[in-house]
Amino acid sequence: MLRSGARRLSGPRRLGRPAPAALRLPALLPLPLSLVLLLPVLLLALLLAAAAPASAHAVLRAADPVDGTVLRTAPRHVTLSFSESVGLPADAFRVYDPGNHRLRTAPADHAPGHPDTVRVTLPDRLAPGTYTVAWRVVSADSHPVSGALTFSVGERTAAPPAPPPAAAEDPATTALHTVARHLAYLSLALLLGTAAFVAYCRPPTTAHLRVPALAATGTLLAATAAGYLLRAPYEQGTSPATALTPAALAHTATTRPGLLLLARLGLLLLVAAGAALLRRRRVRLPRRATLAVGAVLAVALTLTWPASGHAAAGIQVPVAIVSATLHLLAMAVWLGGLAALLWTLRRVPAPDGLPVSVPARFSRLATASVAVLVLTGAYQSWRGLGSWQALTGTAYGRVLLAKLAAVTALLLAAACSRAWTTRLTGASSMPHPRALRRSVLAEAAVATVVLALSTLLTGTVPGRAATESAQAVASPAPGIPAASVTTLPFDTGAPGGHGKVQITLDPGRVGENSVQAVVYGPDGGLSAVPELRVTLTLPAQRVGPLDTRVTDRGGYWATDAFTLPLPGTWTLKATVRVSDLDQVTVSAPVRVAR
């Protein structure tokens, strides 16, 4: 007679008749289990084959000088303001003169008291012409972001062809970093889920779980070490060959992601050393002490992810880190515990079988995990999206919708498993186990998809940040003058008589402005035209047309002093003459701020 009256999934039935062969555990999970265990690897390969490079999450809000402006005097600094605090990797700023020669500048630093603002000091004397600034920083959630801007001193110059710019990221480094990140999530889920399954579900034997637990620990150690080595090349966009240089290793140790990776390595080594010592001395801690120590270590280990992810940037950071930690723990307990249950069902020998209390306990554990996932997931979705429009209008929202659909399918599969488990524990009948087998296998397969989408979501710019970035571009930060740049395509109808003219009003506000116009030919290169006239009219106030009187300055047209008297929506007209007989007038609205 079984203690506490628990039924088993195999073995003799109460009436004394032998259980059908279909009820024995070895038949419960046949060879398709191997396919389920290989599914994470296959899915990971598909994601790496189809995924674009991970989007960075810090967005540029303002720049001084503003991109494309012409300044009367040379600036002392180039200052960039971002949506969140950023780190500075080695070689964060590169400044090139009008001849595309790199200038020697001081190391970049943060503006005093503003971790979201970085600047680089320029040389004392800058020759007239156009300068290019290439920059690369690391966002608070550990992802690098890069870009470039130009400004001119005195006048724009037709610079010679620029040398090929350095790649924003090295494909090999990005691929290896992505593999390490995915493997870290998978191994964390398996490790913590197995531990929770053993602690709460209490299977009759745990020797069979030692192999997946050790494999998960080893994989997590290797993935974390790889993440640390690849951190500097990932931030700088360089080859993996630079990972082992002393400078790269030392730099990573000074960054928050690097310190958290070291902390994760230390925790894993501490757990491994402690377990080996207790096993060697054959010491068994009291159950409560074991659970307490395990819970503390699990929380500390899990915390190393949110502390350098989405939760570490944006609004309500302390609450977000707590929520993200609970979300990750619940995910690991549910999905990793499910893998442990499958492995247990596969490995428990006949004829003893597995008590129904084990899947019943896991069902309750999974239900609690789902409740935590729903609560924390709702908060994180609100924090990451910011608006309903971002749900369909941003990449983050679309990935989130895919994850929600996968979670819904997972809940349906889990509900089927719970229903069959409930029938198994009932006294009325013993259902056929094939239905339970199919629902558990389906749950495991969909769970792998959910885990992959969760990992993918961490590499996608949040909808709130994307929206703020768009608003920042449409409405520049106060205190920093913004140039108005308008591009007008034209076509005279004659062969070779088409192109575009780019007109810049600086600062594009009421008062004195400078006007610059550049004409591009059919091939996209600079084009010299015999005549260009630019006027502005304010129809609402019946003002104009006002002639800007731009003059040819050898490669571009400009005037240093043109006054806009009133704010409003002006009509900008450009008359382009490309030959003695061919000319055309094109126009576009231009918003002039007060």
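Computed from heavy atoms alone, side chains included, the values below leave out hydrogens, waters and symmetry copies.
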Enquirer: Would you say T224 and T304 make side-chain contact, with heavy atoms under 4.5 Å?
Expert: no

Enquirer: Output yes when a side-chain donor or acceptor of T325 lies under 3.5 Å from a complementary backbone atom of L303, and no otherwise.
Expert: no

Enquirer: After noting the C-alpha distance and the side-chain angles of T69 and T504, does the key distance pass the side chain to side chain contact (heavy atoms under 4.5 Å, CB included) rule?
Expert: CA-CA 8 Å; T69 57; T504 302; 5.8 Å; no

Enquirer: Using side chain to side chain contact (heavy atoms under 4.5 Å, CB included), reason through V78 and F151 one step at a time and then give a plain yes or no.
Expert: CA-CA 10 Å; V78 173; F151 68 90; 4.1 Å; yes

Enquirer: Can you tell me how far apart OG1 (T245) and CG (L229) are? Round to the nearest 0.5 Å.
Expert: 10.5 Å

Enquirer: Is the shortest side-chain heavy-atom distance between Y185 and L328 below 4.5 Å?
Expert: yes

Enquirer: Taking V372's backbone N and O only, do any of them form a donor-acceptor pair with T376's side chain (distance below 3.5 Å, no angle check)?
Expert: yes

Enquirer: To the nearest 0.5 Å, tell me how far Q583 CD sits from T575 OG1.
Expert: 6.5 Å

Enquirer: Indicate yes or no for a side-chain donor-acceptor contact from N513 to the backbone of G511 under 3.5 Å, with no hydrogens or angles considered.
Expert: yes

Enquirer: Using the ring pair (Phe, Tyr, Trp, His ring centres under 6.0 Å) criterion, which residues pair with H177? Sequence neighbours excluded.
Expert: Y234

Enquirer: Who passes side chain to side chain contact (heavy atoms under 4.5 Å, CB included) against A250, sequence neighbours left out?
Expert: none

Enquirer: Are any non-hydrogen side-chain atoms of K573 and P545 less than 4.5 angstrom apart?
Expert: no

Enquirer: In chain order, what residues pass the salt bridge (charged side-chain N to carboxylate O under 4.0 Å, His left out) check against R264, with sequence neighbours excluded?
Expert: none

Enquirer: Measure across V576 and F490 and return the closest heavy-atom pair with its distance rounded to 0.1 Å.
Expert: CG1-CZ, 4.2 Å

Enquirer: Consider only side-chain N and O atoms of E235 and H251, and report whether a donor and an acceptor are under 3.5 Å apart.
Expert: yes

Enquirer: Do the side chains of V510 and V592 get nearer than 4.5 Å, heavy atoms only?
Expert: yes

Enquirer: Any side-chain donor paired with an acceptor under 3.5 Å for T132 and T150?
Expert: no

Enquirer: From L326 CG over to I321 CD1, what is the distance, rounded to the nearest 0.5 angstrom?
Expert: 12.0 Å

Enquirer: Over all heavy atoms of both residues, which pair between A574 and L488 is shortest? Give the atoms and the distance, please.
Expert: CB-CD1, 3.9 Å

Enquirer: Going by heavy atoms in the side chains, are V138 and T255 under 4.5 Å from each other?
Expert: no

Enquirer: Let me see the working for R76 and D124 under side chain to side chain contact (heavy atoms under 4.5 Å, CB included), right down to the final yes or no.
Expert: CA-CA 7 Å; R76 290 293 299 124; D124 292 336; 3.5 Å; yes

Enquirer: Show the nearest heavy-atom pair for residues L532 and A517, with the distance to one decimal.
Expert: CD2-CB, 3.6 Å

Enquirer: From the options T535, T537, I503, select the one residue that forms a side chain to side chain contact (heavy atoms under 4.5 Å, CB included) with L572.
Expert: I503

Enquirer: Quick one: salt bridge (charged side-chain N to carboxylate O under 4.0 Å, His left out) partners of D547, sequence neighbours excluded?
Expert: R533

Enquirer: Tell me, do V534 and V501 make a side-chain contact under 4.5 Å, heavy atoms counted?
Expert: no

Enquirer: Evaluate the side chain to side chain contact (heavy atoms under 4.5 Å, CB included) criterion for residues V590 and L505: first the C-alpha distance (whole Å), next the side-chain angles of each, then the deciding distance (0.1 Å), finally the verdict.
Expert: CA-CA 10 Å; V590 174; L505 298 176; 4.0 Å; yes

Enquirer: Without placing hydrogens or testing angles, list every side-chain donor-acceptor pair under 3.5 Å for residues 558-571, not counting sequence neighbours.
Expert:
residue	atom	partner	partner atom	Å
D560	OD1	R553	NH1	3.3
D560	OD2	R553	NH2	3.3
W570	NE1	L566	O	3.0

Enquirer: Any side-chain heavy atom of P123 sitting closer than 4.5 Å to one from T105?
Expert: yes

Enquirer: In the structure I gave you, are the side-chain heavy atoms of L122 and Y131 within less than 4.5 Å of one another anywhere?
Expert: no

Enquirer: Of the non-hydrogen atoms in W135 and L149, which two are nearest, and what is the gap between them?
Expert: NE1-CD2, 4.4 Å

Enquirer: With sequence neighbours excluded, tell me which residues meet salt bridge (charged side-chain N to carboxylate O under 4.0 Å, His left out) with R72.
Expert: E512

Enquirer: Nearest heavy-atom pair of A226 and A180: which atoms, and what distance?
Expert: CB-CB, 4.3 Å

Enquirer: When you look at NE2 of H114, are more than 12 heavy atoms from neighbouring residues, nucleotides or ligands closer to it than 6.0 Å?
Expert: no

Enquirer: Minimum heavy-atom separation for P233 to L230, with atom names?
Expert: CD-O, 3.3 Å

Enquirer: Could you measure the distance from the CG atom of L373 to the CG atom of L329? Nearest 0.5 Å is fine.
Expert: 10.0 Å

Enquirer: Supply the atom-to-atom distance S308 OG to R256 CZ, rounded to the nearest 0.5 angstrom.
Expert: 7.0 Å

Enquirer: To the nearest 0.5 Å, how far apart are CG in L249 and OG1 in T254?
Expert: 11.5 Å

